[in-house]
Structures are given as structure tokens and as C-alpha cells.
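Have a look at the structure below before the remarks.
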Amino acid sequence: MTTTASSSPVSAQPVSKPSGNWFTFGSVNLAVVVTLSLGTWYLLADPTTSPFSFYPLPFNAALFWAILFIVFIGFDCEFAGFDALAQPLRGVAILASTGVFAVAVTWLLGSGVGSLFPDFAGTRDGGLGYFAGALFVLFGFATWVMVVLNWQHWPWTALGMKQPLIGLCEIAFVAVPTLALYFVFGLPSVSLSATEPLMTVDTVLGWFYSMVVAVILTGQTLDNWPWKLFGGGGRTALAATVGNVALGTALYFLMVPLAKLLLGPAATTELGSVVNQFPAQIGVCWAFWMIFWANGFGNKFRPAVRAALTCALALGTFLFYYRFAAEHILHEPAVAAGISGNALGFIDWLVLWTLIYVVGFQSLGLGRIGCNPPR
């Protein structure tokens with residue numbers, strides 16, 4: 001893999017690119033991802049069919065850590081080491097290491113760190129201790145992904161570094177501002193001891209996930225426009241950092257009233273201030289479609305069309321999920337009048353399986369049935 005934004009895992013294509021129909025290839029990929037997601041959901045998380053009691057936590061916490069691990073090994077390190085393995089061993093190694101990391105970190109925070117610091121204890125009511133630890137991942141989605149997509153691995157490439165050193169440096173150095181954001185904005189919003197956090201947890205979720213959307217939208221869907229106009233290197237990195245904060249903030253203030261419109265007055269009234277987190281619920285639907293469109297459908301069409309198309313698909317997914325799928329397919333409990341579930345659970349589960357199957361396994365098996373990626 002090269003170090004350009006277009007070749008990072010959020011937009012990576014299988015190494016072999018024989019000719020094929022892009023729509024067929026993407027549609028079959030989507031069918032496989034949805035099937036894998038539903039099957040594993042019914043086994044591990046579904047409140048009525050799963051033999052375990054993981055829903056919603058610690059399942060969601062492990063899910064967030066799993067996606068962050070993919071960010072580390074795939075986005076930052078560009079699958080260094082894994083790419084030397086042939087399929088299906090490559091995919092199996094990615095899947096196994098992701099699962100081990102996610103479960104280990106969730107357990108260590110909930111049972112280890114939680115025994116010393118009650119904020120993280122897995123015994124907190126509603127599994128809030130697991131959520132307190134996993135909230136760190138929200139900030140990591142913005143910082144580590146931005147360094148790849150928008151910064152394009154600057155300054156490490158400018159220093160002549162190669163993988164995996166590039167990725168390891170990114171992980172280490174970007175951890176500092178990520179931890180700072182978490183300790184200033186994240187942890188106080190869910191801490192047992194904080195009395196006056198800067199923001200409620202709902203606002204933290206909604207605002208910062210809007211920045212994640214801004215990073216993926218500009219870095220991937222819009223081919224790093226407009227930040228690439230600043231000339232590359234440090235100038236583009238600075239423009240992207242300031243610009244994504246501004247754009248993410250604007251998206252947040254646009255998505256709050258949009259969420260109220262989509263949810264309806266009864267649900268909005270019942271949710272109260274919780275509605276401030278719903279920009280994240282819309283945002284995760286948009287993030288899924290932007291990531292899947294890049295990987296499954298080859299990022300077809302011009303950037304502006306991609307942005308409009310994936311946004312429309314996201315809004316449709318949001319409505320379908322909350323109005324029907326969460327209750328009738330996924331068996332999730334109601335949260336307000338006419339809506340059920342939490343899109344940051346199952347929709348992120350779709351994101352994870354997209355990254356594992358389409359990117360990690362490189363759409364294994366589709367070529368055998370004549371469904372090849374387009375040239």
C-alpha cells in the first residue's frame with residue numbers, strides 16, 4: 001500500500017483488479033456484510049436470541065475498540081505484516097487479532113482499571129463503566145483517521161519513514177492530543193465525581209461524531225477537498241484540523257434539527273436533551289455508507305455526487321433502522337415513541353464487518369462466483 005489517502009483502508013481495493021461490474025460487485029459485498037452482521041448479531045448481541053447478556057454493554061464497548069484496532073493496523077500501519085500473508089490467512093489473522101484486542105481491552109478496563117477507578121468499573125449501573133472507557137474511541141476516530149485521510153501520514157512520510165514505523169509513530173504521537181480531548185471533554189461527562197462537565201455526554205457524542213463525519217467526508221468522499229488546495233504537508237494538515245472542527249461543528253448544529261424532524265415531535269419531546277446525541281446516530285449511518293461506497297462500490301462517481309448519494313442512503317438507513325429494523329429485526333428495546341435501538345451499535349457493527357470482510361479478507365470468494373471487482 002502507498003501512503004496516499006485514496007489507498008488507505010477506508011478506500012482500499014483488493015490487490016487483484018480484474019474487470020467486472022462495479023454495481024454487482026458492490027451489491028454482493030453488501031449482501032455478504034449484512035448477512036455476516038446479522039448472523040453474528042443474533043449470536044452475540046441480540047437481546048432475545050443471543051445466549052449471552054452482552055447487549056448493549058459490554059458489546060458496544062468491545063465493538064468500538066475493535067474498530068479502533070482496525071484503524072491502528074489498517075489505517076495507520078496500512079496492514080504492515082498482515083499484507084505478507086495470503087488469503088484467507090490474512091483475513092483470519094486480522095479478524096482474530098481484532099477480536100482478541102477488543103475483548104482484552106474491554107476486560108482490562110472494566111475489571112482491572114475499574115477495580116482501581118470506579119468510573120471504569122464494569123459493575124456500574126447499565127454497564128456505564130464499559131462505556132466510560134470506550135468513549136475514548138470516539139476521539140480516536142477523529143484524530144487517527146484524520147492523520148491518515150487528511151494529513152496523508154504527514155510528517156512521517158516527509159521524514160522518509162516507511163511502514164510500519166510510520167503507523168507506530170502516528171499511534172504514539174497522536175495518542176497525546178486524543179487523550180487530552182478525552183480527559184477534557186469525554187471522561188468528565190460520564191465520571192462519578194465530575195460535578196460540572198464542560199458538556200453532557202449526549203452533546204459530546206453528537207458534536208465529536210460530527211467531526212468524525214467531517215473527516216471521512218472531506219478525506220475520502222471528497223478526495224481531501226478542500227484541504228488539498230492548501231498545498232500539502234503541514235499547510236494541508238493545519239487546514240484540515242481547523243477545517244474539520246469547523247465543519248463538524250456546523251454539521252452538528254444542522255443535524256440536531258434534522259434529527260428532530262426525522263424522529264417526530266413525540267419522540268423528540270420524550271428524548272429531551274438526549275436528542276443532542278442524534279447527530280452521531282445520523283452520522284454513523286453516513287459514515288457506514290461513505291466507507292462502504294469507497295470499498296464495496298469502488299468510490300464511483302464524482303466527489304459531489306458521492307457525498308449527496310451517501311448522505312441520502314444514510315438518511316434512509318437512519319429511518320429504516322429506528323422505525324423498523326431495530327425493533328422487528330434486531331429485537332432492540334424502545335427508546336422513545338415509535339423508535340427503538342441505538343445506531344451506534346448495529347450500524348457500527350456493519351462498519352466493522354465491512355472493514356473485516358471487504359478490506360481484510362479482500363471480498364474473499366466473490367471471484368469464484370464470477371463477481372469480480374471492476375477495473
Side-chain angles (χ1 to χ4, degrees), residues 1-15 63-87 89-102 104-105 134 136-182 211-212 215-216 218-220 223-224 227-228 232-234 236-238 240-241 244 287 290-291 294-295 351-352 354-362:
M1 274 184 197
T2 63
T3 55
T4 62
S6 61
S7 62
S8 65
V10 286
S11 57
Q13 295 300 305
V15 175
L63 167 59
F64 299 158
W65 288 113
I67 298 178
L68 185 63
F69 184 73
I70 295 288
V71 170
F72 286 161
I73 65 171
F75 290 42
D76 294 299
C77 295
E78 297 182 314
F79 290 121
F82 293 96
D83 55 10
L85 302 174
Q87 293 291 8
L89 185 57
R90 177 182 187 265
V92 171
I94 291 170
L95 174 61
S97 58
T98 299
V100 169
F101 178 88
V105 173
F136 169 80
V137 177
L138 171 68
F139 305 96
F141 285 165
T143 55
W144 277 296
V145 175
M146 181 168 60
V147 171
V148 175
L149 290 183
N150 299 128
W151 292 27
Q152 298 183 10
H153 296 296
W154 182 86
W156 320 117
T157 51
L159 297 174
M161 293 183 181
K162 305 295 182 182
Q163 292 289 9
L165 185 59
I166 289 174
L168 295 175
C169 286
E170 283 179 357
I171 293 169
F173 282 86
V174 177
V176 176
T178 307
L179 283 167
L181 290 170
Y182 171 69
M211 295 183 203
V212 175
V215 168
I216 300 173
T218 59
Q220 173 183 274
D223 295 335
N224 209 24
W227 322 133
K228 64 183 179 182
T236 288
L238 178 60
T241 303
N244 282 323
M290 288 190 288
I291 292 170
N295 291 283
V351 171
L352 179 62
T354 297
L355 295 173
I356 289 176
Y357 175 70
V358 183
V359 178
F361 279 93
Q362 298 174 303

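Only a predicted model underlies this, so the values are computations on that prediction, with no experimental measurement involved.
With sequence neighbours excluded, no residue satisfies side chain to side chain donor-acceptor pair (under 3.5 Å) with Thr354. Scored by the side chain to side chain contact (heavy atoms under 4.5 Å, CB included) test, Leu179 finds Phe136, Phe183 as partners (sequence neighbours excluded). Partners of Trp151 under the side chain to side chain donor-acceptor pair (under 3.5 Å) rule, at least two apart in sequence or in another chain, are Thr241.
Note that the CD1 atom of Ile166 and the CH2 atom of Trp154 stand 14.0 Å from one another [nearest 0.5 Å]. In this structure, CG in Leu168 is found 4.5 Å from SG in Cys77, a value given to the nearest 0.5 Å. In this structure, Asp83 CG and Glu78 CD are separated by 9.0 Å, a value rounded to the nearest 0.5 Å. Distance check: Gln163 CD to Trp156 CH2 gives 12.0 Å after rounding to the nearest 0.5 Å. Note that CD1 of Ile67 and CD1 of Ile356 are 9.0 Å apart. Values are rounded to the nearest 0.5 Å. Separation of atoms CD (Gln152) and CH2 (Trp227) is listed at 13.5 Å; rounding is to 0.5 Å.
The stretch residues 66-75 participates, sequence neighbours left out, in no side chain to side chain donor-acceptor pair (under 3.5 Å) pair at all. Identified under the side chain to side chain donor-acceptor pair (under 3.5 Å) test for residues 169-181, with sequence neighbours left out: Thr143-Thr178, His153-Glu170.
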Would you be so kind as to tabulate the donor-acceptor pairs closer than 3.5 Å made by side chains of residues 92-102, with sequence neighbours excluded?
from, atom 1, to, atom 2, distance (Å)
Ser97, OG, Ala93, O, 2.8
Ser97, OG, Ile94, O, 3.2
Thr98, OG1, Ile94, O, 2.6

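Minimum interatomic distance between Gly360 and Arg90 (heavy atoms only, all atoms of both residues): O-NH1, 2.7 Å. Nearest heavy atom pair, residue Ala66 against residue Leu352, reads CB-CD2, 3.9 Å. Nearest heavy atoms, Trp65 versus Ala134: NE1-CA, 3.8 Å. Shortest non-hydrogen contact noted between Gly91 and Phe361 is C-CZ, 3.2 Å. Contact between Ala240 and Met146 at its shortest, heavy atoms only, is O-SD, 3.9 Å. Nearest heavy atom pair, residue Leu149 against residue Val215, reads CD1-O, 4.1 Å.
For Asn244 and Thr218, the side-chain atoms include at least one donor-acceptor pair closer than 3.5 Å.
Side-chain contact check for Asn150 versus Thr236: every heavy-atom pair is 4.5 Å or farther apart. Under the 4.5 Å side-chain criterion, counting only non-hydrogen atoms from C-beta, Leu138 is not in contact with Phe64.
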Test ring-ring contact (aromatic ring centres under 6.0 Å, His included) on Phe75 and Trp144 and set out the steps. CA-CA 8 Å; Phe75 290 42; Trp144 277 296; over 10 Å; no
